[in-house]
Amino acid sequence: MMIRNLPEDLLVEILSKVLALSLARLRSTSKKWNALIKYERLLAKKHSANALMHSSSLALVLIDYRHYVARFNLHGIHSNVAPSVKVTGQFSLNDTLSNNSSEEVGICNVIHYDGLLLCSTNDNRLVVWNPCLGETRWIQPRNSYKESDLYALGYDNISSCYKILRMERFLHGIIFQTDIEVYDFTSNSWRVVVVGKSRNWVIIYGETYDISVNGHIVIWGHTHGMSVNGDTYWLASVQILEHEDHYQPFLLSFDFSTERFGSVSLPGDVYTIPLALSVTRQGRQLCMLLHGFFKSNVYDIWIASKSESTGAMSWSKLLTVWDDDIHNHFRFRQFGNEVSFLTDYEKEVLLTCNKPNQYSKNIIIIMGKGKYTELEHHGAKPTHVHDSPTPFLFSYVPSLVQIQQGI
């Protein structure tokens, strides 16, 4: 019996074990297969479950407004075999609203969840994109988008739909106020949640800030929000009332089911400073990168676990890496630069992406236990050291999730 003549339930079971990118190529085989892969919800559900059990994620890096695939070779890293990385073009976002639909769109920022990418473009538009299926949905603003807007993508487990959070933060006199809107994919519309509410916390993004952390002055750069299990998290800081110019770092969360903000305590101790957030390869657990204030060449990676019964979040240390040459700390990261990272627990290394600076033109760095390696990679690189946005490295799990269409 030919595979195309198999019963549909058996075919779904077989295809659910095939990598998403391979399935995307199979869509051109026949109309039946195209419809099955693109529209069959049971296949998408089974495929998503299988993806959790197997490492099918890709390392993507955003360089000069374009997405590229970063392929790391870490075999033999602990046997004095030099690691390597190759950056190749893979995903192109085309402007389907333009007269020239093949025109590629520049991407400024991205937040990812469940195989979907929420992208803000360099011409100030917003689009949800599934690169695996080639689907896009351009999100029209209620009024207009601003360059300083902050976005998040998550899932409402009560109404079973994807949602977008938009925050517009502005200075009213000497007080920061925030307008908050939520976009519902099923209604295809924005809804105002909060107008002009004053908040004593700050999400650090877009530029650097001088803040006091536990009595020490630290400069933070941009922090990317990370979506895990439907919720989105950011590194933020809250003003200490008795010290108006002092801020305490914490983890800010947004629950898309209740549409409420929450706070989560940080791992580590008072002498560790949070640098960035990431997710595990399967995209189901939140990770945090911290470094010591007095041991600036030592970096800890912590992983979060959330109780299904209480919703409480706990932390456990996943990995500690360092470099014996403390001068490499400044080559790795100047304060104020944005940092993104991935962790390879099996190889016990930290993979980071940084902006070129006066110390180094390389953007991808591997740090292990007493080891530090800058990778001279083949492929796309920032074109201008000072003007280009900081490259952003993240783990992406291709999926067959469809972009919900409104009613």
Side-chain angles (χ1 to χ4, degrees), residues 41 44 62 67 93-98 105-170 177-197 199 203 205-206 223-234 236 252-262 277 279 283 392 394 396 399-407:
R41 294 186 180 276
L62 182 63
H67 277 124
L93 176 60
N94 295 329
D95 190 350
T96 55
L97 301 181
S98 170
V105 180
I107 301 170
C108 289
N109 291 297
V110 61
I111 187 166
H112 55 101
Y113 177 68
D114 214 13
L116 302 179
L117 303 180
L118 175 64
C119 305
S120 55
T121 67
N122 56 5
D123 57 358
N124 222 22
R125 290 185 291 165
L126 196 64
V127 60
V128 180
W129 178 30
N130 184 333
C132 184
L133 292 180
E135 290 186 347
T136 57
R137 181 170 176 177
W138 294 88
I139 309 299
Q140 301 303 319
R142 190 172 62 88
N143 293 316
S144 62
Y145 297 132
K146 295 180 173 60
E147 188 177 347
S148 59
D149 287 348
L150 191 64
Y151 302 99
L153 174 66
Y155 192 79
D156 184 337
N157 291 293
I158 297 175
S159 59
S160 299
C161 71
Y162 294 95
K163 290 182 177 180
I164 298 172
L165 171 72
R166 173 179 178 257
M167 286 188 284
E168 178 189 355
R169 195 167 175 83
F170 57 92
Q177 294 187 336
T178 306
D179 287 351
I180 297 175
E181 299 176 355
V182 171
Y183 180 88
D184 190 314
F185 279 60
T186 55
S187 64
N188 195 26
S189 62
W190 289 98
R191 176 169 41 83
V192 177
V193 178
V194 173
V195 177
K197 183 175 181 179
R199 299 185 182 275
I203 296 176
Y205 71 100
T223 175
H224 289 274
M226 290 289 160
S227 294
V228 179
N229 297 326
D231 301 338
T232 302
Y233 300 86
W234 300 266
L252 177 70
S253 66
F254 185 79
D255 187 323
F256 280 89
S257 298
T258 62
E259 297 184 355
R260 292 182 178 178
F261 287 98
L277 298 175
V279 295
F392 176 50
F394 63 100
Y396 171 70
S399 78
L400 303 180
V401 171
Q402 283 185 270
I403 300 175
Q404 293 172 313
Q405 300 300 318
I407 56 178

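Just so you know, these numbers use all the heavy atoms, side chains as well, and skip hydrogens, waters and symmetry mates.
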Taking the side chain as every heavy atom from C-beta outward, state whether Thr232 and Ile111 have any atom pair closer than 4.5 Å. yes
Whether the side chain of Asp149 engages the backbone of Lys146 through a donor-acceptor N/O pair (distance < 3.5 Å, no angle test) should be reported. yes
In chain order, what residues pass the salt bridge (charged side-chain N to carboxylate O under 4.0 Å, His left out) check against Asp184, with sequence neighbours excluded? none
Mark yes or no for whether Tyr162, through its side chain, and Leu153, through its backbone, hold a donor-acceptor pair below 3.5 Å. no
For Thr258, all residues meeting side-chain hydrogen bond (donor to acceptor under 3.5 Å, both in side chains), sequence neighbours excluded: none
Inter-residue atom distance Lys163.NZ - Tyr113.OH, 0.5 Å rounding: 13.0 Å
Any Val279 side-chain heavy atom under 4.5 Å of His112 side chain: yes
Could you walk me through whether Arg191 and Glu181 pass the salt bridge (Lys or Arg N to Asp or Glu O under 4.0 Å) test, one step at a time? CA-CA 5 Å; Arg191 176 169 41 83; Glu181 299 176 355; over 6 Å; no
Is there a donor-acceptor pair under 3.5 Å between the side chain of Asp156 and the backbone N or O of Ile158? yes
Spell out, as yes or no, whether a donor-acceptor pair under 3.5 Å connects the side chain of Asn122 to the backbone of Ile107. no
Please report the interatomic distance CG(Asp179) to CZ(Arg166), rounded to the nearest 0.5 Å. 8.0 Å
Check whether any side-chain N or O of Trp190 sits under 3.5 Å from a backbone N or O of Gln140 as a donor-acceptor pair, and report yes or no. yes
May I have the step-by-step check of side-chain hydrogen bond (donor to acceptor under 3.5 Å, both in side chains) for Asn157 and Tyr155, ending in yes or no? CA-CA 6 Å; Asn157 291 293; Tyr155 192 79; 5.9 Å; no
Please determine whether side chain to side chain contact (heavy atoms under 4.5 Å, CB included) holds for the pair Ser253 and Asp231, giving the CA-CA distance in whole Å, both sets of side-chain angles, and the decisive distance to 0.1 Å. CA-CA 7 Å; Ser253 66; Asp231 301 338; 5.5 Å; no
Is there a side-chain hydrogen bond (donor to acceptor under 3.5 Å, both in side chains) between Tyr151 and Asn109 once you walk through the steps? CA-CA 9 Å; Tyr151 302 99; Asn109 291 297; over 6 Å; no
Look at the side chain of Asp114 and the backbone N and O of Leu116, then say whether any donor-acceptor pair between them is shorter than 3.5 Å. no
Phe394/His67 under ring pair (Phe, Tyr, Trp, His ring centres under 6.0 Å): CA gap, chis, key distance, verdict: CA-CA 11 Å; Phe394 63 100; His67 277 124; 5.8 Å; yes
